[in-house]
Amino acid sequence: MSVITSFSSHRRTDVLVLTPWLAPIVWNDTYNLAVLNAQFHQRNVCVGITIFATKKRKMKGNSRIYTVFVPTFIETGEKYFMVGHKVNYYVFTDRVSDIPIMEMAEGRQMRVLRVPTYQRWQDVSMRRMEMLRDYSHQRFRGEVDYLVCVDVDMRFSDEVGVEILSDLFGTLHPGMYGAKREHYTYERNPQSEAYIPFDEGDFYYAGGYFGGNIEEIYKLTNFCHDAMMADKDKNIEAVWHDESYLNKYFLYHKPTKVLSPEYLWYNGFGTPAFLRRKRFLAVWKNHQEIRN
Ligand code: 2GW
Ligand code: MN
């Protein structure tokens with residue numbers, strides 16, 4: 001592995017590349033992937049990526065079944081996600097027979113995990129924390145070194161590699177990028193376990209993209225689930241559900257890496273100059289809608 005002599009190609013001055021607690025913020029042109037790949041290959045790292053596809057979503061007479069997002073997710077993942085590394089896709093679903101068998105590159109596999117259905121969509125989203133906690137404890141520990149936990153209504157559109165991996169990482173929410181702290185949509189009810197006062201908070205992190213090693217993901221999901229249950233007992237539900245509790249966790253357990261909005265983008269937000277790559281995009285859901 002040769003250390004690159006020209007550092008000028010791995011520098012950004014137009015964006016923040018380091019948090020005040022010295023965690024890298026990952027942007028294109030801040031790292032050398034060849035060097036990182038060699039390091040992670042040396043450790044023979046295996047990466048788990050989790051998605052959930054349960055139940056139906058009913059909206060304005062339309063309904064959609066979240067399993068429709070799975071094939072595109074995996075196809076684009078095979079093209080762009082951790083190419084050349086060992087990967088396990090974990091698909092959590094209540095409709096096992098809707099998940100097709102798909103071809104994977106060598107060293108990569110898909111595992112379908114049956115989970116219960118929740119009636120309220122907020123519970124569908126929030127209960128992911130409990131299931132990730134339980135599977136981290138029972139299964140993931142023995143199978144993978146890192147977990148990447150993302151929404152399913154997404155597709156990869158450029159490389160996402162080992163540069164994202166770290167003990168604990170979160171992703172800047174693309175809709176909140178550049179917003180003032182007081183405009184972050186943290187939970188503002190002091191009675192809630194997710195409460196963050198207006199003068200606190202570092203970044204607004206997205207609920208649909210976090211990860212880390214299994215121990216850290218266990219701690220994160222355990223905290224979020226317990227906080228949600230404590231709020232439920234008080235008849236409280238945080239404004240952005242699991243995302244609100246995740247933001248609370250990251251406030252007091254700072255991530256060791258932060259992913260830039262390159263890693264989570266909506267085409268509707270256009271292409272600002274700071275965005276040199278769009279690696280992972282929200283799928284327009286109405287394209288997928290299935291009439292009742
Ligand atoms: C059904 C009705 C309304 C909303 C979601 C669902 C639903 C979600 C569902 O019927 N089945 C299902 O499997 N899900 C899973 O939850 C699926 O993995 C999906 O990606 C995830 C979050 O729901 P989604 O993607 O429709 O909502 P977003 O994109 O607005 O999610 C953001 O906000 C959520 C909390 O409100 C979460 O924090 C999420 O991580 C955020 O990206
Ligand atoms: Mn989503």
* To do: List the steps, then state whether salt bridge (Lys or Arg N to Asp or Glu O under 4.0 Å) holds for Glu163 with Lys257.
  => CA-CA 9 Å; Glu163 76 279 1; Lys257 259 187 197 174; over 6 Å; no

Could you tell me which residues satisfy salt bridge (charged side-chain N to carboxylate O under 4.0 Å, His left out) with [X], sequence neighbours excluded, listed by chain and number?
X	value
Arg120	Asp123, Glu237
Arg188	none
Arg108	Glu78
Asp167	none

* Asked: Going through the checks in order, is the side chain to side chain donor-acceptor pair (under 3.5 Å) test met by Lys254 and Thr19?
  -> CA-CA 10 Å; Lys254 308 283 194 216; Thr19 69; over 6 Å; no

How long is the span from the [atom1] atom in [X] to the [atom2] atom in [Y], to the nearest 0.5 Å?
X	Y	atom1	atom2	answer
Lys248	Glu243	NZ	CD	15.5 Å
Phe40	Asp145	CZ	CG	9.5 Å
His241	Met126	NE2	CE	6.5 Å
Asp242	Ser125	CG	OG	3.5 Å

Do [X] and [Y] land in one hydrophobic cluster if side-chain heavy atoms of ILVMFWY residues count as linked below 4.5 Å?
X	Y	result
Ile49	Val70	yes
Val258	Leu264	no
Ile217	Val152	no
Ile214	Phe92	yes
Trp265	Tyr263	no

* Within the distance-only criterion (no hydrogens, no angle test), does the side chain of Trp284 pair as donor or acceptor with the backbone N or O of Asn267 below 3.5 angstrom? -> no

* To do: Please confirm whether the backbone N or O of Thr67 pairs with a side-chain atom of Asp98, one donor and one acceptor, at under 3.5 Å?
  => no

* Residue of the set Arg12, Arg277, Arg276 for which side-chain hydrogen bond (donor to acceptor under 3.5 Å, both in side chains) holds with Asp29 -> Arg276

Report all side-chain donor-acceptor pairs from residues 110-117 shorter than 3.5 Å, counting only partners two or more places apart or in another chain.
unit_1 : atom_1 : unit_2 : atom_2 : d
Arg111 : NH2    : Gln109 : OE1    : 2.6
Thr117 : OG1    : Asp94  : OD2    : 2.6

* For the pair Glu75 and Lys79, evaluate salt bridge (Lys or Arg N to Asp or Glu O under 4.0 Å) and give the outcome as yes or no after the intermediate values. => CA-CA 7 Å; Glu75 271 160 34; Lys79 199 163 166 206; over 6 Å; no

Quick one: list whatever passes ring-ring contact (aromatic ring centres under 6.0 Å, His included) with [X], sequence neighbours left out.
X	value
His85	His41
Tyr118	none
Tyr266	Phe269
Trp27	Tyr177, Phe274

* **N-O pairing of Arg141 and Glu215 below 4.0 Å** => no

* May I ask you to say whether Asp151 pairs ionically with Arg128, meaning some side-chain N is under 4.0 Å from a carboxylate O? => yes

* Qualifying ring-ring contact (aromatic ring centres under 6.0 Å, His included) pairs with a residue from residues 136-165, counting only residues at least two apart or across chains -> Phe73-Phe156, Phe81-Phe156, Tyr90-Phe140, Tyr135-Phe140, His137-Tyr218, Phe156-Phe280

* Sub-4.5 Å side-chain heavy-atom contact between His253 and Leu220 -> no

* Side chains of Val162 and Met82: does their closest heavy-atom pair fall under 4.5 Å? -> yes

For [X] versus [Y], what's the shortest heavy-atom pair and its separation?
X	Y	answer
Glu159	Leu33	OE1-CD2, 4.5 Å
Thr256	Ser166	OG1-OG, 2.7 Å
Gly77	Tyr89	C-OH, 3.1 Å

* Got a sec, which hydrophobics cluster with Met176, joining ILVMFWY side chains under 4.5 Å apart, including via others? -> Tyr184, Tyr186, Ile196, Tyr204, Val239, Trp240, Leu251, Tyr252

* Members besides Leu22 in its Ile/Leu/Val/Met/Phe/Trp/Tyr cluster (side-chain heavy atoms under 4.5 Å) -> Leu18

